[in-house]
2 protein chains.
Amino acid sequence: MPHRGRAPTPTLERLAIYFAVLTDLKRRQAVTISSADVEERTGINAAQFRKDLSYFGEFGRPGIGYGVDELYSAIARILKIEQAQPVLLVGAGNLGSALMGYPALRADSFRIVAAFDNNPGKIGEQLWDLTIRDVAYLIEDNKTCRAKIAIITVPAAAAQDVAEQLVDAGIRNILNFAPVALKLPADVIVRRVDFVQELAVLSFHLPDSNSGR
Amino acid sequence: MPHRGRAPTPTLERLAIYFAVLTDLKRRQAVTISSADVEERTGINAAQFRKDLSYFGEFGRPGIGYGVDELYSAIARILKIEQAQPVLLVGAGNLGSALMGYPALRADSFRIVAAFDNNPGKIGEQLWDLTIRDVAYLIEDNKTCRAKIAIITVPAAAAQDVAEQLVDAGIRNILNFAPVALKLPADVIVRRVDFVQELAVLSFHLPDSNSGR
DNA sequence: TAGATTGTTAATCGATTAACAATC
DNA sequence: TAGATTGTTAATCGATTAACAATC
């Protein structure tokens, strides 16, 4: 067994991209793919692709390439999405509701198995295929759900509190859509999606409007 | 004028975080802040913060720190969000609608000034404060809006086509929520938000479930 | 065999951070 | 002045990519 180092985060992010490509290729019943093909499709350097995979093993054959089905399965196993991962959602507002209806989430590798809110007007209402639950039941409900990943789509002011409740419910992996930095134990992994930050980076790259009216 | 290099993308992303912190400090009427304070609040290394700013000028005073109002204005200028930037949205589905209602987008530095869709059932409908327009009028409408940034929230299959129409309408900066890699001219800047990718990275970090229940 | 393509090494490139002279 | 904190340099760290022997 070769000693393989820890994979950097950018590698993991690209793995998800490769997985999407392979999902597509599988659907089209492609048999093999080379690292050059991947570069062609994704813009990710072929050597990068091979190096990314090398953190986890050897999946290709020199002169041939990679078996589509084989690599698909390998990446699914690496990302732990061989079976759809159950996910909790807290915050059944516009954004939470949109995420639940998001086709790529509904179909693929993740399944939102419970939705919570603290708004009495929402609790008990139907949202897609789920009934919105009182966030007070988070811990109790997750004893049966046993989800390990959660999505936070509550307003910024409520996010820290919700995050702590999630940790109490056994969640150690959080996708945070609220525009705040969560302070949580070091073993909790948080990834943040910040639309305003994304727009700000785009805005920076706008041409200077010195000249002109 | 000191020669300052191009700021790396991570620097720009952090600039947006600093701006959020300063917005908060300004509201609380704080007068000055030190790089150590920023580290305390954001987890971003104090030297990193100073280095990030150094790409754009000198904004602090040794022994004192940074004036909150001054730095807020400086970053707003750097990110070109002194006035709210107009933004186009294409795809008035669940996600697009949620983004339009997103508090941080409604209030702050960006303003969605037009929403488009190609669904005849939606065109003409009211969505928040806007009337949904036929995507066919994109080019024409943007002659008056003059937005330079657009958000794509259409299904994956439609995204490439929409992106090309946006480019034809003069847009050079795109925030893409569709899970596809857009192929566009090199001068068009695309940032992609991929929920499934984010979840995949979290899923990877789950503890191995070798040992059974 | 000749051609193609892998996995890995080594070189390059870029980003982060510690350290400190300058200075308020 | 003494203490605090900046801006910048230089060292460190980490990620990307070119090159190539191995091999199908």
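Note on naming: letters A, B, ... go to the chains in the order of the sequence lines (proteins, then strands), and numbering restarts at 1 for each one. None of these values were measured; they are calculated from a predicted model.
Remark: the backbone N or O of B:Leu15 is not paired with any side-chain donor or acceptor of B:Asp52 at under 3.5 angstrom. Side-chain N or O atoms of A:Asn118 include none that pairs as donor or acceptor with a backbone N or O of A:Val135 at under 3.5 Å. B:Ser34 contributes no side-chain N or O that, together with a main-chain N or O of B:Gly65, makes up a donor-acceptor pair within less than 3.5 Å. Of the possible polar contacts, none joining the A:Ser109 side chain to the A:Gln83 backbone as a donor-acceptor pair under 3.5 Å is found. Between the side chain of B:Asp161 and the backbone N or O of B:Ala158 there is no donor-acceptor pair closer than 3.5 Å.
Residues of residues 30-41 of chain B that place a heavy atom closer than 4.0 Å to DNA chain C do not occur. Contacts between residues 197-206 of chain B and DNA chain D, counted as heavy-atom distances below 4.0 Å, involve no residue at all. Residues of residues 66-74 of chain B having a heavy atom closer than 4.0 Å to DNA chain D, listed by number: B:Tyr66.
Remark: A:Arg50 pairs with A:Ser35, A:Ala46, A:Ala47, A:Tyr66 by the side-chain contact (heavy atoms from CB on, under 4.5 Å) rule, at least two apart or across chains. Under the side-chain hydrogen bond (donor to acceptor under 3.5 Å, both in side chains) criterion, B:Gln160 pairs with B:Glu164, not counting sequence neighbours. Evaluation of the salt bridge (Lys or Arg N to Asp or Glu O under 4.0 Å) rule for A:Lys80 yields B:Asp208 as partners, not counting sequence neighbours. Qualifying salt bridge (Lys or Arg N to Asp or Glu O under 4.0 Å) partners for B:Asp194, counting only residues two or more places apart in sequence or in other chains: B:Arg192.
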Response to the item:
B/S/- along nucleotides 19-24 of chain C (protein heavy atoms under 4.0 Å) is B---BB
Item to complete: Decide yes or no on side chain to side chain contact (heavy atoms under 4.5 Å, CB included) for B:Leu166 and B:Asn142, but give the supporting numbers first.
Response: CA-CA 9 Å; B:Leu166 285 167; B:Asn142 202 38; over 6 Å; no
Discussion item. One pair to check against side chain to side chain contact (heavy atoms under 4.5 Å, CB included): A:Ile174 and B:Leu202. What are the steps and the verdict?
Written reply: CA-CA 7 Å; A:Ile174 294 175; B:Leu202 289 177; 5.7 Å; no
Discussion item. Working note: B:Leu25 + B:Tyr72, criterion side chain to side chain contact (heavy atoms under 4.5 Å, CB included); need CA distance, chi angles, decisive distance, verdict.
Written reply: CA-CA 9 Å; B:Leu25 287 171; B:Tyr72 174 93; over 6 Å; no
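Nucleic acid contact for B:Arg14: sugar-phosphate only, since backbone atoms but no base atoms lie under 4.0 Å from a heavy atom of the residue. Within the nucleic acid shown, A:Tyr55 has no heavy atom closer than 4.0 Å to any nucleic acid atom.
Distance A:Arg6 CZ to D:dA15 C1': 17 Å, rounded to the nearest Å. Rounded to an integer number of Å, the gap from B:Asp52 CG to D:dT6 C1' is 15 Å. In this entry the distance linking CD of B:Glu58 with C1' of D:dG7 reads 6 Å, nearest Å. Across the protein-nucleic acid pair, A:Phe59 atom CZ and C:dG7 atom P stand 9 Å apart, rounded to whole Å. Residue A:Phe49 contributes atom CZ, which lies 8 Å from atom P of C:dT6 at whole-angstrom precision.
If you take CG on A:Leu88 and CG on A:Asn173, they are separated by 12.0 Å, rounding to the nearest 0.5 Å.
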Worksheet, complete the sentence: Given Watson-Crick and G-U pairs under 3.5 Å, DNA chain C in dot-bracket ([ ] crossing, | other strand) is ..||||||||||||||||||||||
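Heavy-atom nearest nucleotides on DNA chain D were determined for A:Gln48 and for B:Gly65, and the one closer to the 5' end corresponds to B:Gly65.
The shortest non-hydrogen separation linking B:Ile171 to B:Lys148 is CD1-C, 3.6 Å.
Of the candidates C:dT17, D:dT17, C:dT16, C:dT17 carries the atom nearest the B:Asn45 side chain, counting heavy atoms from C-beta on.
Few gaps surround CD on B:Glu82; more than 12 heavy atoms of other groups in view lie less than 6.0 Å from it.
Contacts classified as salt bridge (Lys or Arg N to Asp or Glu O under 4.0 Å) and involving residues 17-36 of chain A (residues at least two apart or in different chains) are given here: A:Asp24-A:Arg27, A:Asp24-A:Arg28, A:Asp24-A:Arg41, A:Lys26-A:Asp69. Sequence neighbours left out, the pairs with a member in residues 197-206 of chain B that pass side-chain hydrogen bond (donor to acceptor under 3.5 Å, both in side chains) are A:Arg191-B:Glu198.
Between A:Phe195 and B:Phe177, the ring-plane angle classifies as perpendicular under the 30° and 60° cut-offs.
No side-chain N or O of B:Asn94 forms a donor-acceptor pair with one of B:Ser97 less than 3.5 Å apart.
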Polar atom pairs between nucleotides 11-13 of chain D and protein, under 3.5 Å, N or O only, would you list them?
none

